Every structure is written in structure tokens, then in C-alpha cells.
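Both ligands and their constituent atoms are indexed starting at 1 by order of listing. What you see is a predicted model, and the numbers here were worked out from it, not measured in a lab.
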Amino acid sequence: MITSISIDKNEILKYYKPMAVDTHKGIQGHALIIGGSYGKIGAVCLSSKAALKTGCGLVTAFVPKCGYEIVQTFIPEVMVLTDVKKKYISNISFEFQPNAIGIGPGIGQHEATQKTFLKFLKTNTIPLVIDADGLNILSQNKSWFLLFPSRTILTPHPKELERLIGEWTSEEEKFEKTISFSLQYNVIIVMKGAPTHVIDGETIYKNRTGNPALATAGSGDVLKGIITSLLAQGYEPLQAAILGVYLHGLTADIALPKTGFQSFIASDVIDNLGAAFLSLG
Ligand SMILES: NC(=O)C1=CN([C@@H]2O[C@H](COP(=O)(O)OP(=O)(O)OC[C@H]3O[C@@H](n4cnc5c(N)ncnc54)[C@H](O)[C@@H]3O)[C@@H](O)[C@H]2O)[C@@H](O)CC1
Ligand SMILES: Nc1ncnc2c1ncn2[C@@H]1O[C@H](COP(=O)(O)OP(=O)(O)O)[C@@H](O)[C@H]1O
Ligand SMILES: [Mg+2]
């Protein structure tokens, strides 16, 4: 039976955890963001900065070599690991245990990137968020769906969703297909749009924050960083997805009187995260 739930402040406050007074960076969670390719390192910068500004203690970015100085300069608080290749990722490798991994922003679809992504999926057991080209690679290799760790979070925009589940002819069919996908692979699907819905099997959560100011490059990359950060901090995957889309939308609602719809950019989501958290009390 399908259940519909609103993502509003009441819902969020059921599980939002303010930071403990005696916490420290070592227990606030370590998020790993894997992504970027030549010309699209910005996606990783935005995602990594959003992860830090959502409260996790440590963030590491894994990028192709060309991204090293870009990420270090854009956000020195983030640690950076690099691939052996200059312009794209070909061999995902890291020697620490992150609490959550976000993969996909700006990663491209190079053959070598696809190969290492498959190898990664075969061995990874760490809570995972997959976005952007990570989803596009999966759409081209549908047998890999079976490799999702249970409760993986997928964050497709409508075009990425269509590539994953195939075309639909009505809103009803879109929801039916997304629900079946979520049930079949035991994944949480953040159906980005206006509004965004979070699908967990037959439960549909409809987000109540956000506005058209979010229709801007990198806005999804930032959302991915926010959700990965929450996952790294120990939120259950469903809670991380719900709280993430709520906070993301709220930043745009808070900023709107200052920026208007047009001049709001993805960095403004990051800049308004503090105000969004403060509004939770
Ligand atoms: N500064 C950066 O480095 C940026 C990197 N990006 C990366 O660029 C790569 C490509 O991502 P894109 O999403 O641009 O490309 P895609 O080809 O996946 O998606 C673009 C297509 O989807 C359609 N679409 C998007 N949102 C839609 C909506 N709400 N309703 C209906 N159709 C919609 C567009 O019209 C277009 O046809 C990703 O890896 C992404 O992470 C982008 O996020 C932009 C910023
Ligand atoms: N008109 C809108 N109203 C509310 N949210 C929107 C609107 N347009 C886009 N968004 C949000 O902005 C984000 C866009 O994500 P995405 O398309 O992946 O961007 P990018 O890949 O450039 O980072 C999603 O979270 C989506 O829900
Ligand atoms: Mg995107």
C-alpha cells in the first residue's frame, strides 16, 4: 500500500540530532567524495564544501590529478587524494575507512572510469550515495544494479531517472516504476525535481521546501554533498535523504529575499546552510 508523507519541519524534528557538546571531528563522520573530470572539478568542490558545511568532521575528495590544486585552493579544509590519471578517474583507491561515500559529481563516463566504478561497486560495503554521471554509467550497465549495497541512495534528476528506469507516459507511471525499482534493489531514490520526492519502497516523501532558484548548475552536486555528510554522521540512509532535501530547499527559501530567483547560485545553497540549521532550533 502506498503511503505519502510530507517532508516539513515537524517530520524533520523527529530525528534531527543537534551536535553534542563533547563531540570532536574524529567522531563527526568522515565523508569521501569521488568525482570530477577535466572541466568538471567544480562539481567536486561544491559537493565537498557542502559536506563540510553540513557538519561532518572530515571530508576527503578523490579527483583526477588535474583537480588537486583546484580543490585545495577552493576549499583548504578538504583533504585531497588523486587518481593516477590527469583528466579522469581510472583507479579508485584509498587507504582509510570513510563513514560514507558520495560518488558521481562531474566524474564523466570514460571507459576507464566505468571499469574502476565496477570494481569499486564489487568490493564496497560503505554507505553510498550515487549521483550524476555515476547514475549515467549505471544506466549503461544495468546488470550492475545488483551490486548496490542495501539502502544505497540514488539522486537522479528526471533525465537521469529516465535513463535508469526507462520512459514513462504519466506521473503515475513514473512513480510506479520508481517504487518498483526501489523495492527490487532495496535502494532509496531521491527523485529530484519541483518538488523533490524521496521514494523508499511504497512510501513517498514529498519535500515542502525549495523554489525555482535551485534551477542552477551545481545545485544537485551540493545536495549530494549534504546527503553524504549526513550519512557519514550516522543518520540512517532514509533520514539522511529526507533531511538533506529539506535543508537544501530551505537554503533557497531563506536566500530568496536577498538573491531573487535569478542570481541564486549553487554556492548560495552552501552559504545559507548555517541559517537553515539554525531554523531547526
Ligand atoms: N561546475 C561543474 O563542474 C558542474 C558539473 N556538472 C556535472 O556535469 C555532468 C552532467 O550533468 P547534467 O545534469 O548537466 O547532464 P545530463 O545530460 O545528465 O542532464 C541534462 C539533461 O537533463 C535534462 N534535465 C535536467 N534537469 C531536468 C529536469 N528537472 N526536468 C527535466 N529535464 C531535466 C536537461 O534538459 C538535459 O537534457 C554531471 O556529472 C554533473 O555532476 C553539473 O552538475 C553542472 C556543474
Ligand atoms: N524549479 C525548481 N524548484 C525546486 N527545486 C528545483 C527546481 N529546479 C531544480 N531544483 C532542484 O535543484 C537540484 C538540481 O539538481 P541537478 O539537476 O542534479 O543539478 P546539477 O547536476 O547541475 O548539480 C535538484 O535538487 C532539484 O530538485
Ligand atoms: Mg546533477
Near [X], which atoms of ligand 1 are under 4.0 Å from a heavy atom of that residue?
{"X": "G42", "answer": "3 (O)"}
{"X": "K40", "answer": "3 (O), 7 (C), 8 (O), 9 (C)"}
{"X": "P105", "answer": "41 (O)"}
{"X": "A132", "answer": "38 (C), 39 (O), 40 (C), 41 (O)"}

Would [X] count as being in polar contact with ligand 2, using the rule that some N or O on each side must be under 3.5 angstrom apart?
{"X": "L214", "result": "yes"}
{"X": "G210", "result": "no"}
{"X": "G218", "result": "yes"}
{"X": "S219", "result": "yes"}
{"X": "A194", "result": "no"}
{"X": "E160", "result": "no"}

Out of all atoms in ligand 2, which are within 4.0 Å of some heavy atom of [X]? Include the element for each.
{"X": "G193", "value": "4 (C), 5 (N), 6 (C), 26 (C), 27 (O)"}
{"X": "A215", "value": "8 (N), 9 (C)"}
{"X": "A217", "value": "22 (O)"}
{"X": "T196", "value": "27 (O)"}
{"X": "D221", "value": "23 (O)"}

Give the minimum heavy-atom separation between [X] and [Y], together with the two atoms involved.
{"X": "S150", "Y": "N186", "result": "CB-ND2, 3.3 Å"}
{"X": "Q233", "Y": "K17", "result": "O-NZ, 4.0 Å"}
{"X": "P237", "Y": "R151", "result": "CB-O, 3.5 Å"}

Exercise for review: Look at the rings of W144 and F117 and say which category their plane angle falls in: under 30° parallel, 30 to 60° tilted, over 60° perpendicular.
Suggested key: perpendicular

Exercise for review: Assign the ring pair Y185 / F181 to parallel, tilted or perpendicular, where the plane angle (0 to 90°) is split at 30° and 60°.
Suggested key: tilted

Around [atom], find the nearest protein heavy atom and jot down its residue, atom name and distance.
{"atom": "atom 4 (C) of ligand 1", "result": "D221 OD2, 3.9 Å"}
{"atom": "atom 18 (O) of ligand 2", "result": "K192 NZ, 2.7 Å"}
{"atom": "atom 17 (O) of ligand 2", "result": "H157 CD2, 3.2 Å"}
{"atom": "atom 36 (C) of ligand 1", "result": "K159 CG, 4.8 Å"}
{"atom": "atom 1 (N) of ligand 1", "result": "A43 N, 4.0 Å"}
{"atom": "atom 18 (O) of ligand 1", "result": "R163 NH1, 2.8 Å"}
{"atom": "atom 19 (O) of ligand 2", "result": "G220 N, 3.3 Å"}
{"atom": "atom 4 (C) of ligand 2", "result": "N211 O, 3.4 Å"}
{"atom": "atom 30 (N) of ligand 1", "result": "P158 CG, 3.3 Å"}

Backbone N or O of [Y] within a donor-acceptor pair of the [X] side chain at under 3.5 Å?
{"X": "Q28", "Y": "G55", "value": "yes"}
{"X": "S90", "Y": "T113", "value": "no"}
{"X": "D133", "Y": "N136", "value": "no"}
{"X": "N272", "Y": "D268", "value": "yes"}
{"X": "H24", "Y": "G57", "value": "no"}
{"X": "T155", "Y": "V190", "value": "no"}
{"X": "T196", "Y": "G193", "value": "yes"}

Check your understanding: Of all the heavy atoms in G193, does at least one lie under 4.0 Å from an atom in ligand 1?
Key -> no

Exercise for review: Go through the steps for F261 and F264 under the test ring-ring contact (aromatic ring centres under 6.0 Å, His included), then give the verdict.
Suggested key: CA-CA 6 Å; F261 292 110; F264 184 92; 9.5 Å; no

Check your understanding: Do E160 and R163 meet the salt-bridge criterion of a basic N to acidic O distance under 4.0 Å?
Key -> no

Exercise for review: Before accepting this row, confirm whether a basic side-chain N of the pair K53/D271 lies closer than 4.0 Å to the acidic partner's carboxylate O.
Suggested key: no

Check each heavy atom of [X] against ligand 1 and say whether those closer than 4.0 Å belong to the side chain, the backbone, both or neither.
{"X": "N136", "result": "side chain"}
{"X": "E160", "result": "side chain"}
{"X": "H157", "result": "side chain"}

**Study point:** Hydrophobic cluster membership, L121 vs L135, 4.5 Å side-chain cutoff
**Key:** yes

Check this for me - ligand 1, [X], N or O atoms closer than 3.5 angstrom, yes or no?
{"X": "G106", "result": "yes"}
{"X": "D133", "result": "yes"}
{"X": "G108", "result": "no"}

Exercise for review: Can you spot which of T3, I188, I7 makes a side-chain contact (heavy atoms from CB on, under 4.5 Å) with Y205?
Suggested key: I7

Check your understanding: Would A132 count as a contact of ligand 2 if the rule is a heavy atom under 4.0 Å away?
Key -> no

Exercise for review: Could you grab the distance from atom CD1 of I153 to atom OG1 of T228, nearest 0.5 Å is fine?
Suggested key: 7.5 Å

Check your understanding: About how many Å separate CD1 of I137 and CG of N141, when rounded to the nearest 0.5 Å?
Key -> 8.0 Å

Review point. Is it the side chain (CB and beyond), the backbone, both or neither of H248 that lies under 4.0 Å from ligand 2, heavy atoms counted?
Key: side chain

Can you check [atom]: any protein non-hydrogen atom closer than 4.0 Å?
{"atom": "atom 27 (C) of ligand 1", "value": "yes"}
{"atom": "atom 11 (O) of ligand 1", "value": "no"}
{"atom": "atom 14 (O) of ligand 1", "value": "no"}

Review point. Are there more than 12 heavy atoms of other residues, nucleotides or ligands under 6.0 Å from atom CD of Q140?
Key: yes

